Amino acid sequence: MTNEVKEIFTGRAAPPALAAPPAPVAPPPPAALAAKVRTLAPSMTRSMQRVAEAVAADPAGCAALTVTGLAELTGTSEATVVRTARLLGYPGYRDLRLALAGLAAQQQSGRAAAVTADIAVDDPIADVVTKLAYDEQQTLADTAAGLDTVQLGAAVAALATARRIDIYGVGASSLVGMDLAQKLLRIGLIAHAHTDPHLAVTNAVQLRSGDVAIAITHSGSTGDAIEPLRVAFDRGATTVAITGRPDGPVSQYADHILTTSTARESELRPAAMSSRTSQLLVVDCLFIGVAQRTYETAAPALAASYEALAHRHTPRSSSR
């Protein structure tokens with residue numbers, strides 16, 4: 001189906017693969033570089049991973065290298081180095097070197113050494129707390145550094161005026177979707193989190209322009225979240241993807257992409273644990289943004305929900 005025919009039947013353009021190239025964006029700041037490496041490395045080729053791991057491990061040393069020098073250090077080619085730089089969000093290797101120099105300066109500014117060891121089976125519980133707390137903090141910082149606030153603002157604007165909001169996710173992502181839905185309901189918006197993939201699709205069929213559909217998928221390739229988002233996209237709804245893989249299949253049907261970071265996976269810390277933290281941060285940002293835009297109606301609705309539940313949180317006096 002051509003782009004023109006698709007617009008006639010659905011009122012919108014074809015997926016981004018057929019759309020006009022996006023406007024150039026500024027390269028990510030130095031603080032976001034390490035987050036980009038952690039987020040994108042799993043989807044890179046092995047040779048690109050070697051480049052990404054090298055710059056993340058020694059930003060100061062790599063900043064001093066030419067493109068040829070970094071290629072030799074990592075056993076790759078100059079073309080691989082340039083492709084890695086571009087995948088990380090930099091127009092070329094020169095821009096990546098500048099970011100590496102900035103990151104190295106930040107790391108030498110006296111910050112405490114990072115906790116880098118994975119959780120071991122025989123770790124004392126105090127060490128588990130320390131390591132988990134560090135990983136959670138790092139995940140939140142990485143997500144905040146890499147989050148596109150222009151995309152976030154556009155998603156907030158769509159949610160604030162939406163007739164109806166559908167949210168799709170499975171597994172741990174479904175819990176995040178339910179959290180967002182209940183928050184939006186409490187400020188007077190019509191929001192539903194769908195965890196049954198069949199019901200998600202049949203509900204997506206009912207969406208139209210003026211509605212919003214949100215898919216939450218860390219991998220960016222969860223079919224049960226992508227299929228209803230595609231249906232919603234085809235029906236003309238505004239679509240949003242919350243994902244750790246902005247280059248994944250879900251992006252084909254997302255008008256707005258909100259990228260999350262993730263902590264290091266280990267045997268005792270699966271991806272579902274680390275991705276949930278960053279997803280909840282994005283969800284909270286969406287909720288606060290919508291509440292700000294709809295404050296005149298959101299504040300009374302939130303107050304009414306508090307009042308309706310107040311008696312459930314007040315100790316009842318004894319009848320004796």
Side-chain angles (χ1 to χ4, degrees), residues 1-23 25 43 147-171 173-174 176-178 180-181 184 189-260 275 279 282-283 285-287 289-290 293:
M1 182 182 291
T2 66
N3 197 37
E4 292 78 8
V5 173
K6 185 174 182 65
E7 287 188 88
I8 292 173
F9 281 95
T10 68
R12 61 193 303 165
L18 301 180
V25 296
S43 62
L147 193 58
D148 187 330
T149 53
V150 173
Q151 292 283 304
L152 178 64
V156 164
L159 288 169
T161 59
R163 180 188 71 97
R164 168 179 157 184
I165 301 161
D166 276 17
I167 306 165
Y168 318 122
V170 296
S173 295
S174 71
V176 177
M178 287 188 282
L180 176 57
L184 296 176
L189 300 184
I190 306 302
H192 302 283
H194 300 284
T195 57
D196 183 304
H198 292 181
L199 287 177
V201 172
T202 56
N203 276 271
V205 170
Q206 307 304 321
L207 299 182
R208 60 177 186 265
S209 178
D211 298 329
V212 175
I214 302 174
I216 305 175
T217 162
H218 173 64
S219 67
S221 57
T222 306
D224 286 341
I226 295 174
E227 185 179 5
L229 192 75
R230 177 188 61 78
V231 173
F233 182 94
D234 289 342
R235 293 303 186 276
T238 298
T239 52
V240 180
I242 300 176
T243 180
R245 302 286 182 267
D247 56 342
V250 72
S251 65
Q252 298 178 58
Y253 308 107
D255 295 310
H256 309 296
I257 300 175
L258 305 178
T259 304
T260 58
S275 63
Q279 290 170 349
V282 173
V283 160
C285 290
L286 286 172
F287 169 71
V290 172
R293 281 180 172 257

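A quick note: this is a predicted structure, and the numbers were derived from the prediction, not measured. We use all heavy atoms of the structure for the numbers below, so side chains are in, but hydrogens, waters and symmetry mates are not. We count residues from 1, following the sequence as given.
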Answer whether the closest heavy-atom distance between the side chains of L258 and D148 falls below 4.5 Å.
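Result no, sub-4.5 Å side-chain heavy-atom pair not found.
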
Closest heavy-atom contact between F233 and Y253?
CD1-O, 3.3 Å

Are the side chains of D166 and P228 in touch, meaning some heavy atoms are under 4.5 Å apart?
no

For the CG atom of L229 and the CD1 atom of I167, what is their distance to the nearest 0.5 Å?
12.0 Å

Report the residues that fulfil side chain to side chain contact (heavy atoms under 4.5 Å, CB included) with L199, sequence neighbours left out, ordered by chain and then residue number.
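By the side chain to side chain contact (heavy atoms under 4.5 Å, CB included) rule, L199 matches D196, T202, N203.
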
Residues forming a side-chain hydrogen bond (donor to acceptor under 3.5 Å, both in side chains) with T259, sequence neighbours excluded
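T259: no side-chain hydrogen bond (donor to acceptor under 3.5 Å, both in side chains) contacts found.
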
Sub-4.5 Å side-chain heavy-atom contact between T238 and H256:
yes

State the CG-CZ distance between L180 and F287, to the nearest 0.5 angstrom.
9.5 Å

Side-chain atoms of residues 220-227: list all donor-acceptor pairs with protein atoms under 3.5 Å, sequence neighbours left out, distances to 0.1 Å.
{"unit_1": "S221", "atom_1": "OG", "unit_2": "S219", "atom_2": "OG", "d": "3.2"}
{"unit_1": "T222", "atom_1": "OG1", "unit_2": "T217", "atom_2": "OG1", "d": "2.9"}
{"unit_1": "T222", "atom_1": "OG1", "unit_2": "S219", "atom_2": "OG", "d": "3.3"}

Evaluate side chain to side chain contact (heavy atoms under 4.5 Å, CB included) for V240 paired with D255, printing each intermediate quantity in order.
CA-CA 6 Å; V240 180; D255 295 310; over 6 Å; no

With heavy-atom distances below 4.5 Å as the criterion, would you say the side chains of L189 and V290 are in contact?
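Sidechains of V290 and L189: in contact.
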
Closest non-hydrogen atom pair between L207 and A213, with its separation:
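Taking every non-hydrogen atom into account, CD1-CB, 4.0 Å.
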
If every non-hydrogen atom of L286 is compared with every non-hydrogen atom of A155, which pair is closest and at what distance?
CD2-CB, 3.9 Å

Closest heavy-atom pair and its distance - S174, G171
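Answer, listing the atom of S174 first, then G171: OG-O, 2.5 Å.
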
Non-hydrogen atoms of R293 and G153 that approach each other most closely
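Closest approach of R293 to G153, heavy atoms only: NH2-O, 4.4 Å.
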
Between I257 and T243, is any pair of side-chain heavy atoms under 4.5 Å apart?
yes

What distance separates L147 CG from L152 CG, expressed to the nearest 0.5 Å?
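With rounding to 0.5 Å, CG (L147) is 5.0 Å from CG (L152).
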
Mind listing the closest non-hydrogen atom pair of V156 and C285 along with its distance?
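For V156 versus C285, the nearest heavy atoms are CG2-O, 4.5 Å.
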
Kindly indicate whether the side chain of Q206, heavy atoms from C-beta on, has any atom under 4.5 Å from the side chain of R164.
yes

Given I214, which of L159, T239, V283 fulfils the side-chain contact (heavy atoms from CB on, under 4.5 Å) condition?
L159

May I ask you to test the I165-H192 pair for a side-chain heavy-atom distance under 4.5 Å?
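Side chain of I165 against side chain of H192, heavy atoms only: no contact under 4.5 Å found.
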
Quick one: do D211 and R163 make a salt bridge, cutoff under 4.0 Å?
yes

SB check R245 D247 (cutoff 4.0 Å)
no

